[in-house]
Amino acid sequence: MSQLQIIQQNGQLLVDSREVAEMIFVRHADLLEKIDGYVTHLTNGKFRSSDFFIESTYIDNKGETRRCYLLTRRGCDMVANKTTGEKGVLFTAAYVTKFEEMERQVINPYLGLSRELQAIFTIDKKTQEIETRVEKLEDNMTIDYGQQLSLQKVAKNQILTIVGGKETPAYQNKPLRDKLFSAIWSDYKEYFNVGSYRDTALKDCDRAKEYLKQWSPQGKLLREVEEANQQLTFAS
């Protein structure tokens, strides 16, 4: 009797009906006919046939698509119960043993390795878990008060650069100055998708500073700054 192969698919352990047919010494076509009957009875009895037998296909040696079933452990139980004599006993022993081996391996994927290798893989797995938790923590952490003040300073310096300094008419014009600060933080919140600059993610802090350093007013607001500063030129 050949060694039974277990397939792991979508979290399920399955056996190909072709292998089952070979192990119980019947034609695959005959086994398919029997399983078709089981599926009909299960469906009529309001059972989910896919808990036992999953329809599938394979490509034969001629390159043609053929039918087959993938049997769950329940499906194997059903076939084994319908198979009498030595064939049924040997098939039952084979699939029960193989399913139990695979189930143990799913629970402990390092089964069969030396203790040293198991220890190495276990430590590596725990390290990966810790790194994942740290990454999630960093994603959820926001900037502290000191970093908030730092962003405020960068934004103020950028506004001063845009208007040409504190002594310029554009900066001395309080309503215009307020518009500039309102615009820079409004654009900032939209860009970083936050309700306030205080909610900036810690991992985005450096990028936030660069954004503020590169920010510039657009359209009408930019013209207002230019026109306000031109008043000084005319006055001179």
Side-chain angles (χ1 to χ4, degrees), residues 7-14 48 50-51 54 103 105-111 117-236:
I7 303 165
Q8 192 166 353
Q9 179 178 294
N10 298 327
Q12 285 187 295
L13 300 178
L14 307 164
R48 286 200 319 170
S50 59
D51 289 340
I54 299 170
E103 286 165 354
Q105 190 171 342
V106 169
I107 295 170
N108 180 10
Y110 311 129
L111 197 67
L117 279 174
Q118 286 190 38
I120 290 169
F121 283 122
T122 300
I123 291 169
D124 183 59
K125 184 181 178 183
K126 287 181 178 178
T127 301
Q128 290 176 8
E129 289 173 353
I130 291 170
E131 288 175 351
T132 300
R133 288 172 65 186
V134 169
E135 286 175 5
K136 286 181 179 178
L137 238 138
E138 288 178 345
D139 286 342
N140 293 325
M141 286 180 68
T142 55
I143 56 175
D144 60 28
Y145 181 67
Q147 289 162 325
Q148 292 171 18
L149 292 178
S150 179
L151 290 184
Q152 287 179 9
K153 185 177 180 180
V154 174
K156 183 177 180 180
N157 287 339
Q158 183 61 10
I159 298 294
L160 286 170
T161 300
I162 289 165
V163 300
K166 287 185 177 181
E167 304 305 322
T168 59
Y171 192 80
Q172 292 297 318
N173 184 330
K174 187 178 184 303
L176 178 56
R177 187 171 72 238
D178 290 345
K179 279 186 185 179
L180 287 166
F181 278 105
S182 177
I184 193 171
W185 291 122
S186 177
D187 289 348
Y188 179 96
K189 289 187 290 184
E190 183 177 353
Y191 183 84
F192 287 98
N193 194 27
V194 291
S196 166
Y197 70 92
R198 296 182 181 85
D199 299 326
T200 302
L202 181 60
K203 62 185 179 65
D204 289 334
C205 189
D206 290 338
R207 193 157 63 95
K209 290 177 183 178
E210 286 305 311
Y211 174 85
L212 292 171
K213 288 176 183 178
Q214 300 296 325
W215 181 84
S216 177
Q218 302 296 318
K220 182 181 177 183
L221 186 55
L222 179 59
R223 288 197 303 274
E224 287 184 44
V225 171
E226 293 170 348
E227 289 170 0
N229 283 337
Q230 283 171 5
Q231 293 174 10
L232 178 63
T233 305
F234 296 147
S236 300

To the nearest 0.5 Å, how far apart are CG in L202 and OG1 in T142?
8.0 Å
Just distance, no hydrogens or angles: give the donor-acceptor pairs under 3.5 Å from side chains in residues 213-223, sequence neighbours left out.
residue	atom	partner	partner atom	Å
W215	NE1	D187	OD2	2.8
Q218	NE2	S216	O	3.2

One should read off an interatomic distance between E227 CD and N173 CG, to the nearest 0.5 angstrom, of 11.5 Å
With heavy-atom distances below 4.5 Å as the criterion, would you say the side chains of E167 and Y171 are in contact?
no
Looking only at heavy atoms, the pair that brings V154 and K209 closest together is CG1-O, 3.7 Å
Can I get a per-line list of side-chain donor-acceptor pairs under 3.5 Å for residues 191-199, giving both atom names and the distance, sequence neighbours left out?
residue	atom	partner	partner atom	Å
S196	OG	R198	N	3.1
Y197	OH	Q152	NE2	2.2
D199	OD2	S196	N	3.3

Close side-chain approach of W185 and L212, heavy atoms under 4.5 Å
yes
Any side-chain heavy-atom pair of R177 and V163 under 4.5 Å:
no
Between A228 and P169 the two heavy atoms that sit nearest each other are O-CB, 3.3 Å
From CA spacing to verdict: side chain to side chain contact (heavy atoms under 4.5 Å, CB included), Q158, I162
CA-CA 6 Å; Q158 183 61 10; I162 289 165; 4.0 Å; yes
Treating D144 as the side-chain partner and G146 as the backbone partner, does any N or O pair qualify as donor plus acceptor under 3.5 Å?
yes
N/O donor-acceptor pair under 3.5 Å between T161 side chain and N157 backbone:
yes
Given 3.5 Å as the limit, does a donor-acceptor pair link the side chain of T200 with the main chain of I143, or not?
no
Would you check if K153 and L149 make a side-chain contact, meaning some heavy-atom pair closer than 4.5 Å?
no
Interatomic distance, N229 atom CG to Q172 atom CD [nearest 0.5 angstrom]
10.5 Å
Start with the C-alpha gap between I54 and Q12, add the side-chain angles, then the distance that decides, and say whether side chain to side chain contact (heavy atoms under 4.5 Å, CB included) holds.
CA-CA 11 Å; I54 299 170; Q12 285 187 295; 3.5 Å; yes
Name all residues meeting the side-chain hydrogen bond (donor to acceptor under 3.5 Å, both in side chains) criterion together with K166; count only those two or more places apart in sequence or in a different chain, and write none if there are none.
none
